[in-house]
Amino acid sequence: MSTLGEFYLVLLLTFVFWISASLSGNVGVVHVLESEENLEWVLSSGPHPPYVVILDSPLFTRSVMMKLKNGSRRVAGIAVVAPNANPPEGFSPHTTCPNENTGVYSEDYDPIFAHCNITVWNPLGNGLSYEEFDFPIFSLKDDNETQVIRQCYLDHNRAANGTAPQYPLCAIELFSHMSAVTDTATCMRRNDINFSISPEIVCDPLGDYNVWASTRPLNNTAKGHKMWESVVIAAARLDSRSFFFDIAPGAESGVSGFITLLAAAHALRNATQQAPPNRTILYTLFQGETFDYIGSSRMVYDMQNNQFAVDLNNVHSFLEIGQVGLRSDSKLWLHSDQLSRKNTSVNDELIENLQSAAGRVGISVGEVGFSQPLPPSSFQRFLRAKPIPGVVIEDHQSAFTNRFYASMYDNAEYLNVSYPSNLTLEEQLEWVTDTAQALTEVATIVAQALYKQAGGQDVEARGITADPKMVARMLYSFLIRSNNSWFQQLHSSEPTLLVQYLLANLTGSTVNMYYYMWVQGAAPPNSTEREGFCTRSTVRLSKALSPAFELRDYTSKEYSTWTESRWKPFKGRIFLVASHDLEMLTLGIGIGVLLTSLLLTYIISSKADMLFSSGREPTNATY
Ligand SMILES: *[C@@H]1O[C@H](CO)[C@@H](O)[C@H](O)[C@H]1NC(C)=O
Ligand SMILES: *[C@@H]1O[C@H](CO)[C@@H](O)[C@H](O)[C@H]1NC(C)=O
Ligand SMILES: *[C@@H]1O[C@H](CO)[C@@H](O)[C@H](O)[C@H]1NC(C)=O
Ligand SMILES: *[C@@H]1O[C@H](CO)[C@@H](O)[C@H](O)[C@H]1NC(C)=O
Ligand SMILES: *[C@@H]1O[C@H](CO)[C@@H](O)[C@H](O)[C@H]1NC(C)=O
Ligand SMILES: *[C@@H]1O[C@H](CO)[C@@H](O)[C@H](O)[C@H]1NC(C)=O
Ligand SMILES: *[C@@H]1O[C@H](CO)[C@@H](O)[C@H](O)[C@H]1NC(C)=O
Ligand SMILES: *[C@@H]1O[C@H](CO)[C@@H](O)[C@H](O)[C@H]1NC(C)=O
Ligand SMILES: *[C@@H]1O[C@H](CO)[C@@H](O)[C@H](O)[C@H]1NC(C)=O
Ligand SMILES: *[C@@H]1O[C@H](CO)[C@@H](O)[C@H](O)[C@H]1NC(C)=O
Ligand SMILES: *[C@@H]1O[C@H](CO)[C@@H](O)[C@H](O)[C@H]1NC(C)=O
Ligand SMILES: *[C@@H]1O[C@H](CO)[C@@H](O)[C@H](O)[C@H]1NC(C)=O
């Protein structure tokens, strides 16, 4: 058979398997796991594999998951029942050392700090998010439908007195089709193949947009270095992740930081318009930082390649707001690195500005000792490129305070955002919780320090203070309910765009060179018609797509290479299998596939010369 013939055969077989896999989901007999010992039933003794295992959240641990992974032949899928309250012992499916290989510390720079050798930032991390599982894992809300599944299990599948249950058995089918294969290099190469027979894209690079704004308009048409321009960057990250798709509230890991930055930007609006300091403050919100600093590495790359409104030499100093929502001992910590301390005058000035602002607000700020590296932060990507003075503000001195880093439990409950039960939804929106009050204090410190750092005079006299009502509204909107009267005015429901509109609304200013944005506005009390208006602001989006994809270097060690598989909508159904139907069905599909492929093989190999007579590949072609 010709090489090309074989190749098409492989393609066809892949196609046939794909069809059969997408027609039938993963079917398995329901097994509600009652304890870790009970795993034995699933992994070896149970007579009706494969099983779909229903896990209560206390059993969703590394130990159980790794045992199930090891026995994946007998596991068709897992459904984890999400609890109604956070587990008190903490849980983090991320690694102990987030973004271990893409920060500033490496074998070339400060190797003693590399790989979290000195400080393990996320000690509770169990790494589950980075394991490969051969079966789908779903999350279920603990509601009536979950109760139906449990009842079905109790009625039909539970082994009574050690004897195997009889048919009919309760079964579940989980549909979750992922197109991608192996790794980024392989699937990006497959994307690039332009055969008419498989025009399918199997995976996409992870990416979104960074949001940025400046206190003075920067000419964004003229890229690269700007003479006379000196910017102070104020940064936070926008993204968060968790083990499960679409439940990544990131309350402490992301929201606490970017709300503080937005509130600080709002607090600075009047002062920066009435008495503009002679340095520009550049607010930046980075996307995709969880996945090896996608957003910040792209901005640095753009600055290095004259693709951004300013370049690295324009950057005077850097202030990053990290996780600041859990300030239990009422203390904030300033983290820095010897590279950022290189320019002692600017660095000392920044720390002094933060400390005096904190003094005015009545919060103590500690400087972390020099024997400790920077925590995972966007600032590391800037330091990788240039020793810029700067600090990262956190609520922890060494390891994260956050016990739920990158998990679905890093939520409003964890940040203690809760409301008296007699408030209506609209009253909750305006209710200032203790957390809102605490973040307002941090925002005030950040705003005053930024103003001073940018060269502003008379900080005390300008009354730069963050608005607790604004912080309260943002906390409510990002963590509790985004479908509220305030967010509805903003004309978007997509998170990045929401933040863009919000930043525009909070910083909107009055000089030239703006970027106009339509805002739906509120409806007056006697009408349902909204009164829209345009906001003039300097807010813009910049690409947050890893430079690795620009450079087509899919195995880059320098930049993030995360891709996301294309997938089909998830769904599941529960039903009773009457007899050996299940096995028969599986066997039937298997035989069907085999026969079809044999037939196809026969047809193709017998007609190969005719089918592939023209354009034959050279015999040394490999695929
Ligand atoms: C994985 O399963 C095999 C048997 O299937 C067993 O021998 C081995 O010990 C298991 N490994 C772990 C880590 O559980
Ligand atoms: C880890 O840190 C210790 C000191 O705490 C040092 O002796 C050791 O060399 C470090 N390991 C690496 C790989 O840098
Ligand atoms: C769940 O079931 C209870 C009692 O069976 C019922 O009162 C309640 O309305 C149900 N909830 C939903 C959301 O169906
Ligand atoms: C299980 O055993 C108990 C006592 O040993 C007995 O009362 C019960 O009827 C048995 N259940 C079944 C389903 O056989
Ligand atoms: C694939 O096809 C598109 C148009 O269909 C074309 O623009 C692109 O350059 C092709 N890519 C390769 C790698 O041939
Ligand atoms: C912005 O820069 C572009 C390109 O250098 C220039 O043509 C334009 O006049 C500038 N705009 C302003 C308002 O200075
Ligand atoms: C900003 O100035 C306007 C009028 O100049 C005033 O109404 C508003 O309260 C000020 N905002 C802050 C946060 O000081
Ligand atoms: C900023 O303004 C102050 C006076 O207000 C001046 O001394 C200083 O040189 C200015 N800095 C820059 C970078 O223009
Ligand atoms: C520190 O930074 C300032 C402002 O960018 C610069 O003027 C000064 O020369 C730098 N000092 C050193 C020692 O590099
Ligand atoms: C809610 O209840 C508290 C007392 O429990 C009361 O002080 C408060 O006024 C009530 N608020 C509203 C909006 O009714
Ligand atoms: C921000 O939104 C509020 C309420 O919708 C509106 O009154 C205000 O004018 C907006 N500010 C800007 C600068 O768009
Ligand atoms: C709504 O009320 C405002 C003043 O309260 C009035 O000017 C306006 O005409 C009213 N609009 C309608 C549609 O009745």
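Both counts, for ligands and for their atoms, begin at 1 and track the order of listing. Atom set for the values below is all heavy atoms of this structure, side chains included, hydrogens, waters and symmetry mates excluded.
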Sub-4.0 Å protein heavy atom next to atom 2 (O) of ligand 10: yes

Sub-4.0 Å protein heavy atom near atom 11 (N) of ligand 10: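 Yes, there is one.
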
Centre-to-centre under 6.0 Å for [X] and [Y], is that the case here?
X: Phe382; Y: Phe318; result: yes
X: Phe478; Y: Phe258; result: yes
X: Tyr476; Y: Tyr419; result: yes

Distance filter under 4.0 Å to Val346 heavy atoms, resulting ligand 9 atoms: 1 (C), 2 (O), 3 (C)

Non-hydrogen atoms of Gly295 and Ala544 that approach each other most closely: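 So the minimum-distance heavy-atom pair works out to CA-CB, 3.9 Å.
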
Option of least heavy-atom distance to atom 14 (O) of ligand 10 (set: Leu423, Asn422, Thr424): Asn422

Closest approach of any protein heavy atom to atom 5 (O) of ligand 9, naming residue and atom: His316 CD2, 4.0 Å

For atom 6 (C) of ligand 9, closest protein heavy-atom neighbour: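 Among all protein heavy atoms, the one nearest atom 6 (C) of ligand 9 is Asn343 ND2, 4.1 Å.
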
Within-cut-off N or O pair, Thr221 and ligand 6, under 3.5 Å: no

Option among Arg216, Lys226, His316 that satisfies the side chain to side chain donor-acceptor pair (under 3.5 Å) test with Thr280: Arg216

Under-4.0 Å salt bridge between Arg237 and Glu320: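 Result for this pair is no, no salt bridge flagged.
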
